[in-house]
Structure formats: structure tokens, C-alpha cells
Amino acid sequence: MPVLESISRPEVVLQGISASQGIAYGQIFVYLQSDLEVPEYRVDEAAWAAERARFEQALVATRRQVQKIMTEVEKNLGEEEARIFDAHLLVLEDQALITETLREFEKTRANIETCFNKVAGRYIAAFEEIDDEYLRERGGDIRDVAQRVLANLLGHTGQRLIQLADKRVVVANDISPSDAAGLDRSSALAIVTDSGSKTSHAVIVARSMKIPAVVGLRDLTTRVQAGDSILVDGYEGAVILNPSESTLFRYGRIQREKRTREQKLLEANRLPAVTLDGVPIVLRANVEKAEEAELVKEYNADGVGLFRTEFLYLGAGEAPTEEDQYASYRALAEALAPRSVTIRTLDLGGDKPIASQSHLFPKENNPFLGYRAIRFCLDHLVLFKEQLRAILRASAHGRVQLMYPMISGSEEMRRANAVLEECRAELSAAGVAFDPDMPVGSMIEVPSAAMSADLLARECDFFSVGTNDLIQYLMAIDRVNDRIAHLYEPTHPAVLRTLRHIVVEAHRARIKVSVCGEMAGDPNYTALLIGLGVDELSMTPPLIPAARYVVRNLKLTDAKQLAQTALAMESPSAIHDLCARFAEERMRA
Ligand code: PEP
Ligand code: MG
């Protein structure tokens, strides 16, 4: 790492949110994204038609530009990354946005850019108010594309590209997906932003370009000065302004270690996940879209352990039809056959209401304890049956498993299965093919399901433990409230005992247990979960190499011993430290 000759300003360490892994160091390039100035004027009657035509032309021109970016992104990054811009094309086709703009024009006769700016602004504001982080970010997509339309209307032809003359760390108040996609990978060392979250599309692009990124730094752009240098730690979500020589030295070492480790893990990722004493452990992937099949294969996963199907709803302007869903499930099942694909039925509600169907989700005081997942589906049988039929039909084209989220006990499971049975009967009567032996399981996320696991197991072919929710409900810690996030402890004795109980009861009933919450992807807990008797772990694909490495370097007998020791301990942090030491030793192997 080069060390600047004179570092006059003092070192400042700032904590943000880790958005894309990696370490980078360099001089800053400040990029302040600001909305375009829109002049307002009245349009005379003679020019009304021309004004409407100008709007249409701007939409067409914007569409062409977005498609050009998509082609570029597809060429440089891949099809999946290019799909991010689908959302932009959808905005350009949004009839409501277009009609409202024209209505505003009819009402006010103000120039069309003023009308469009007003209407788009209302849309953006509505999205920004939504509690769900993912949907809030979609407001960012509208802003991005709206700025493009305005630029075309105003005759600003120049692309708003971040032009880096040299290798620099981009420090921005915010960054749009088009900005991120337009970055030159060889000169953008890292991206740090005042705002943003892990799920923003710009961050997704950064991650796929393997550019380190830290977001949520609040007022960083106002704290930096020209000539400042910055060190970005995308692993820990920290940035260090004007780092001292000793900091640079320390990070140089960390970077070398991380690179060597990542290389080592990737090399071992083609090998089977078998423990040193010869026990195979199933490692599966969590996905949100059928297009992730390639990633599942790239990371050598044993299929999909959790397909979060609600993202088909969350990403779209309208609810997907049975055919849309069938196409998506079938594509994934076919792409991954003979590996199995576990499709979870809709987990809408809680922090994931559907914007396009907000009337179905009345505002609740405790949405996580409310109208969510299977509770919502059993109350909307038309919608539920569409999904069940789509899953059944896809089961004829690969190895499909189905599971329900948020099941509270055996009766609810039976109710869901009765609806599934109706769907089977309907398909049989219509002569439509499906796999009659498709395994059907329950997620274990509600403490009542865990405590009655023996009863529930009788109705299930498998269990899949959603630790994200199970821990939230077990410990009464709202999983999206950052004020109490520190109280969320996967190694609390209550969590370990509950997991153990679930495994014992499942195995007594001769069914398998998977864990698909975030805990399953944390290499610190790989051995603990295996030692507790968990049969399968499912995680976001890039986390698989670390889990596999730990599996390949442990003995099942040692993992069991670790779990026994942990079960006898009291302190969550001491249990965590014990697990972390165990994992670190295996990682060093
Ligand atoms: C979980 O709760 O652990 C889980 C996997 O489901 P989600 O995170 O989608 O609620
Ligand atoms: Mg859950």
C-alpha cells in the first residue's frame, strides 16, 4: 500500500455499514449527486400537443439510454447485474406515472418537466416512507430514472458519469445504480456514501464488481477536504480518514491475510463438504430469484434450501400470476436438477408488505406478531392456491420441496396441507403433471412450533429452522430495531436448547433438520449447529466456501463435544467466544 509522504490532517475513524467486502486505500474523489434544477413556466395552448410529444420523446430516449447501459453492464458484469435496470424500464412504462403527469399538465399547463418532476417526487416520497428497507431502495430507482427523463427534457445530453482521472475512492452523498454501473473498475478503488443500505441496488452493483463499499456514513461528504486520503474497510464497515502510517501498516497485513484466506477458501470450495471423520454435511443456498441458479452452481451448493418467493412480489409492480410463478420455479428446478430446490410459500407481511397490494395489509401495531406469512395465506386462499399450484406444477420438472413459513403448530400445518391437497386434486382432475411425492416441510420460526416439534413432525417431511425469526420471537427482540440489536444473541442458552430440542424431536420422527437463518451462514456457528445434530445448512451463496472449509477441517465428534460444552454454559458471549475459537482453529488449517 503506498504511503503518502506528508499526512498533515489527523486520523479519524468512522463507522458505517459494510456493504461490499474488501480493503482499499487512496485519495478521495467527492461526488455530490444533486437533483437537476427544473425551471417552471406556462405553456401556451398552441404548444400543448408539442409539449405532450416532447414528454413521449423523452421517455423513448431514456428507454434507449437505459437499454444501452443494460447492454454495457451485461457485457462487463453479467446478465444478473443487468437485470437491476429492469426496474428502471418498468418505471418508464408505469402507466400511472405517465397518466398522472399528463393530468397534472392538463390541470396546470405548466411545462411538462415541472409536471413530471412533481408527480415523480410524490412517488419517491411515498416509497421513502415505507418501513421496508428493500422497498425504500426502490424509491431510489425511481429517482434515478426520473433524473434521466428530466435530463432528456431539459436537453442535458451529457451522461452524469463519475469521471475519475486517476485511481480514487469515490466519496458520495448517495450514488445511483447507473452511477455505480458507469464506474470504471480499474479507477474506482472503493465507494463510500453518506446514505444507503446493504440492499441498495448501487451496492449490489458494487458487490458484483468486487469494489469495496461502506455506506451509511451520515455526514462524511461534509467532513472530508480536498487532498484527504481514506482507507476503506469493507469487511468491518469502517472508514479511516487520513490514516496514520501504523494504521496503513496494520491494514496492509489484514488485507494480505484476508486475500490469502479467501483464495484458500475458494480453492477448497470445489471439494465435497465432508468432515474429517467422513460425515457428509449438506450445504445449500438461500436465493430470492430464479436467476440465482448460476450462483448456486458457482458456489457448488447442494441445491437451494430456501427460495424466498415473496421477492417475486416485492420486486414487481403487480402480483405475479400463477404462470409467472410456475415459470420462475420451473426455471430454477430445471437449472439445478438433480439438486433439490426448497420453495418457501409467501412470507409477506411483517416487514414485507406488498406495495402493489397495500390494501391487503392494514397498518398494525406489531406487524411481526401480526398478519404475516402462512396466517396471511390461509386468509387469502385464491392467492395461496395459485402459488401452491405453481409449485406443484414445477415439481414435475426437477426435485422440488415445499415449505411453509411461520407455522405455529401441527393444526396450522394440517390446514395448509389440506389446501395443498385440494390443489393436488384440481391438478389431477385437469391431467396436469406434478410430483406426488414432493416433500413438504415446515419452517420452525415460532417458539410454539419448536416446543411442539414432536406433534408437528408427524405432519412434516422435514423441518427448516429460520433462526432469524426464531431468535426474534424466543428472545422478544425485534429483528429490525437497531436500538436493541445488541441483545439479539444466537448463542443464548435458550436458543441452543431450543435448537437441540427441535433436532431431537425431528430425529425421533426420522425427519431431517435444516437451518436457513443467518446463523447458518456464520462460520463461527457451523460446528455448533452440526454438533447439535443439524443435518443441513442453507445460506447466501458467497458464504458457502467458509462453511465448507470449517466442515472439511472438523471431526463430527469434536463438533458434538463443542455443542455439549456450549449447552452446559450460561453466558452467551462466552459460548460465542468458544465457538469463534473453534472456528478460527479450523480456518487456520
Ligand atoms: C428466518 O427467519 O430465519 C428465515 C430464514 O426467514 P426470513 O429471514 O425470510 O424471515
Ligand atoms: Mg423468517
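Quantities reported herein were computed from a predicted structural model and do not represent experimental measurements. Below, each value reflects all heavy atoms present in this structure, side chains not excepted, and no hydrogens, waters or symmetry copies. Sequential numbering from 1 along the given sequence is applied to the chain's residues. Just so you know, ligand 1 is whichever comes first in the structure, and atom 1 is the first atom listed for that ligand.
- Taking the charged nitrogens against the carboxylate oxygens, Glu323 and Arg330 have no contact shorter than 4.0 Å, which rules out a salt bridge.
- Contacts between Arg344 and ligand 1 below 4.0 angstrom, taking non-hydrogen atoms only, involve the side chain exclusively.
- Applying the salt bridge (charged side-chain N to carboxylate O under 4.0 Å, His left out) rule to Arg424 yields the partners Glu421; only residues at least two apart in sequence or on another chain are considered.
- Salt-bridge check for Glu310 with Arg344: passed, with a basic side-chain N closer than 4.0 Å to an acidic carboxylate O.
- Short contacts between ligand 1 and Arg372, defined as distances under 4.0 Å to a heavy atom of the residue, involve ligand atoms 10 (O).
- With sequence neighbours left out, the salt bridge (charged side-chain N to carboxylate O under 4.0 Å, His left out) criterion links Arg508 to Glu505.
- Counting heavy atoms under 4.0 Å from ligand 1, residue Gln472 does not touch it at all.
- At a threshold of 4.0 Å, the pair Arg261-Glu584 counts as salt-bridged, since one of the basic side-chain nitrogens sits closer than that to a carboxylate oxygen.
- Counting heavy atoms closer than 4.0 Å to ligand 1, residue Asn286 contributes nothing at all.
- Below 4.0 Å from some heavy atom of Leu306 lie the following atoms of ligand 1, by number and element: 5 (C).
- Under the salt bridge (charged side-chain N to carboxylate O under 4.0 Å, His left out) criterion, Glu292 pairs with no residue, sequence neighbours left out.
- A salt bridge links Glu536 with Arg284: at least one charged nitrogen is closer than 4.0 Å to a carboxylate oxygen.
- With atom 5 (C) of ligand 1 as the reference point, the heavy atom nearest to it among Arg308, Glu310, Glu445 is part of Arg308.
- Those atoms of ligand 1 with a heavy atom of Asp347 less than 4.0 angstrom away are 10 (O).
- Around the Mg ion (ligand 2), the protein atoms of type N, O or S found under 2.8 Å away are Glu445 OE2, Asp469 OD2, listed by chain and number.
- Each of Leu392, Asp461, Asn417, Ile391 was checked for a side-chain contact (heavy atoms from CB on, under 4.5 Å) with Leu402, and the lone residue meeting it is Ile391.
- With a 6.0 Å radius and a threshold of 12 heavy atoms from other residues, nucleotides or ligands, Arg414 has its CZ atom above the threshold.
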